[in-house]
Amino acid sequence: MITQPDFNPMKLFDVAGKVALITGASGAFGAVAAQTLAAAGCKLLLAASNTEALAATAQACRKLGADVTEVKARPDSEDACAKLVDAAVKAYGRLDILVVASGINIVSKIDTMELKDFATVMDANVTQSWMMSRAATRQMLAQGDGGKIVLMSSARGLLGHPAGYTAYCASKSAIDGITRALGCELGQTGITANAIAPTVFRSPLTAWMFEDTEEAAAVRKNFLARLPKGRLGEPEDLAGPLLFLVSKASDFYTGHTLYADGGYTAG
């Protein structure tokens, strides 16, 4: 039985006034994360290298009533990561939430993939996530009252793919490992570290799969045969899991990878 006399479950998801830093804010998941947290009342530091797309995401968030600061940057060095955290603190006085939505994929089978391409994927998806997590952790520890770290994994961190995903699958498996390790390291600090792992959802990169063409229909049929929910993902399907992981509702969850995949990894 719940012992708190004034317990209100809806308050568990209240993040109004929290300061969130989102990298890769111009990408598909980054834009969803930004708009979700904007609508929930967060103050936002949005970072991306694509100035035009970053501005569009920022404008969409401002229309939702959010206080937004834009920074044209990628978390591609220790200095860049530290400066992003500093920018959030300078703008809003602290940092409560980190969402690392930046990353890439280079599709190539192993017999033709160049080492430099493998290294590029691992750097963008793994090393930069690690550096950004370290920079945010240092700030959150200095504040002394906890925080929320959310990394971007994928169903491909658990499952392979025949199209040439050795770099991408390896990088997302590494994200899962970092998430588990951070959960253990930070468990008693009040900082939680979790990851979201989607499968295919609607985005500019996957829009063709939703089209009414023979090629798209054939790809969908093959993919949906393994998808218990029987449909592809929509951006809104990622909003709920994200809000859970950045709010008080997930205080007892850490080191966890949450699969937003319509049951794809269940069978």
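Model, not experiment: these values are computed from the prediction.
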### Message
Using the rule side-chain hydrogen bond (donor to acceptor under 3.5 Å, both in side chains), only one of S153, S171, S102, S154 pairs with N125; which is it?
### Response
S171

Whether over 12 other heavy atoms sit under 6.0 Å from [X] [atom1]:
X    : atom1 : value
F252 : CZ    : no
E78  : CD    : no
D212 : CG    : no
E211 : CD    : yes

### Geometric class of the F244/Y253 ring pair [parallel <30°, tilted 30-60°, perpendicular >60°]
perpendicular

### Message
Tell me whether R156 is salt-bridged to D176, with the criterion being a basic N under 4.0 Å from an acidic carboxylate O.
### Response
no

### Query
Does K83 come within less than 4.0 Å of D86, counting only side-chain N to carboxylate O?
no

### Task
Could you walk me through whether K229 and D237 pass salt bridge (charged side-chain N to carboxylate O under 4.0 Å, His left out), step by step?
CA-CA 12 Å; K229 288 296 290 183; D237 293 320; over 6 Å; no

### Message
Please evaluate residues Y165 and K172 with respect to the criterion side chain to side chain contact (heavy atoms under 4.5 Å, CB included), reporting the C-alpha separation (whole Å), side-chain torsions for both, the decisive distance (0.1 Å), and the verdict.
### Response
CA-CA 10 Å; Y165 275 47; K172 295 307 180 180; over 6 Å; no

### Task
Give a yes or no on whether V121 and M131 share a hydrophobic cluster (residues Ile, Leu, Val, Met, Phe, Trp, Tyr; joining criterion: side-chain heavy atoms under 4.5 Å apart).
yes

### Message
Would you say L44 ends up clustered with V99 if hydrophobic residues are merged whenever their side chains have heavy atoms under 4.5 Å apart, either directly or through other cluster members?
### Response
yes

### Task
Just jot down the side-chain contact (heavy atoms from CB on, under 4.5 Å) partners of S133, sequence neighbours excluded, or say none.
L98, I149, L151, L182

### Query
Taking only residues two or more places apart in sequence or in another chain, which ones pass side-chain contact (heavy atoms from CB on, under 4.5 Å) with A40?
V15, L243

### Task
Test ring pair (Phe, Tyr, Trp, His ring centres under 6.0 Å) on Y264 and Y259 and set out the steps.
CA-CA 9 Å; Y264 185 68; Y259 290 94; 9.9 Å; no

#### Entry: Q128/D123 under side chain to side chain contact (heavy atoms under 4.5 Å, CB included): CA gap, chis, key distance, verdict
CA-CA 6 Å; Q128 292 180 26; D123 177 66; 3.0 Å; yes

### Message
I'd like to know whether L242 forms a side chain to side chain contact (heavy atoms under 4.5 Å, CB included) with L37, so could you lay out the CA-CA distance, the side-chain angles of the two residues, the decisive distance to 0.1 Å, and finally the verdict.
### Response
CA-CA 9 Å; L242 175 68; L37 298 187; 4.3 Å; yes

### Message
Ignoring hydrogens and geometry beyond distance, is a side-chain donor-acceptor pair present between S250 and K148 at under 3.5 Å?
### Response
yes

### Message
Go through it in stages, so that I can follow the logic: the residues are I175 and M152, the test is side chain to side chain contact (heavy atoms under 4.5 Å, CB included), and I'd like the CA-CA distance, side-chain angles, deciding distance and then a yes or no.
### Response
CA-CA 7 Å; I175 289 297; M152 191 61 179; over 6 Å; no

### Query
Atom CD of Q139 and atom CD of Q143: how far apart are they, to the nearest 0.5 Å?
4.5 Å

### Query
Under the side chain to side chain donor-acceptor pair (under 3.5 Å) test, which residues partner E185, sequence neighbours left out?
none

